[in-house]
Student: 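Sharing a structure here in structure tokens format.
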Amino acid sequence: MSIPGQDLATLVDRCERQGVTVTAQRRAVLENLSGREDHPTADEVHLEVTRSIAGVSRATVYRTLETLVERGLMVRVLHPGASTRYDLKVHRHHHLVCDVCGSVADLVEPGLDALPIELPADRSHPSGFQIRDYSVSVRGVCGHCSATRSDG
Ligand SMILES: [Zn+2]
Ligand SMILES: [Zn+2]
């Protein structure tokens, strides 16, 4: 159930070191996150958290997730036309995105981690854009969706 580096104790410890007070509600959110690798939306986390601790509002879950992002403990995964998803893996990695169900899975491909991106210092980047990070999204149909579609 727990994922290396993402167990509840480690997450709580990281939050406290970042000055994030771990309330009972935030702890429930962290506990939910620690067991999943599916890049949940705020709604998905909220749905599961309310099963274990009553009375947690969606706004509280959303604010907790955003606080974790602000403190560098999580990143947002954004794809055009899809809900914002959250990812505890803050190091550079890539994603497989299903066009049918919108699921997001991690893609470990070392060849994508060090792309030789050279920004020309010309009119296309007049403001001196500095690359901070990047992530490659590979779009397609996930195994689950291709299995359920193949009968049609
Ligand atoms: Zn799918
Ligand atoms: Zn990811």
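Position 1 is the first residue of the sequence, and the numbers go up from there. Because the structure is predicted, anything quoted here is derived from the model rather than measured. Whatever order the structure lists ligands and atoms in, that order sets their numbers, starting from 1.
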Student: Just by distance, do the side chain of Tyr134 and the backbone of Asp113 share a donor-acceptor pair under 3.5 Å?
Tutor: yes
Student: Taking backbone and side chain together, does Cys101 place any N/O/S atom at a distance below 2.8 Å from the Zn ion (ligand 1)?
Tutor: yes
Student: Measure across Val49 and Val29 and return the closest heavy-atom pair with its distance rounded to 0.1 Å.
Tutor: CG2-CA, 3.9 Å
Student: Does a donor on one side chain and an acceptor on the other come within less than 3.5 Å for Thr60 and Ser57?
Tutor: yes
Student: Any heavy-atom pair between the side chains of Thr64 and Arg26 that's under 4.5 Å?
Tutor: yes
Student: Are side-chain N/O atoms of Asp7 and Thr10 paired as donor and acceptor at under 3.5 Å?
Tutor: yes
Student: How about His94 and Asp106: does a side-chain donor come under 3.5 Å of a side-chain acceptor?
Tutor: no
Student: Return the set of protein N, O or S atoms whose distance to the Zn ion (ligand 2) is under 2.8 Å, each given as residue and atom.
Tutor: His39 NE2, Asp87 OD2, His93 NE2, His95 NE2, Asp106 OD1
Student: Would you say Tyr86 and Glu44 are linked by a side-chain donor-acceptor pair, where the criterion is simply a distance under 3.5 Å?
Tutor: no
Student: Can you tell me the angle formed at the Zn ion (ligand 1) by SG of Cys145 and SG of Cys142, to 10°?
Tutor: 100°
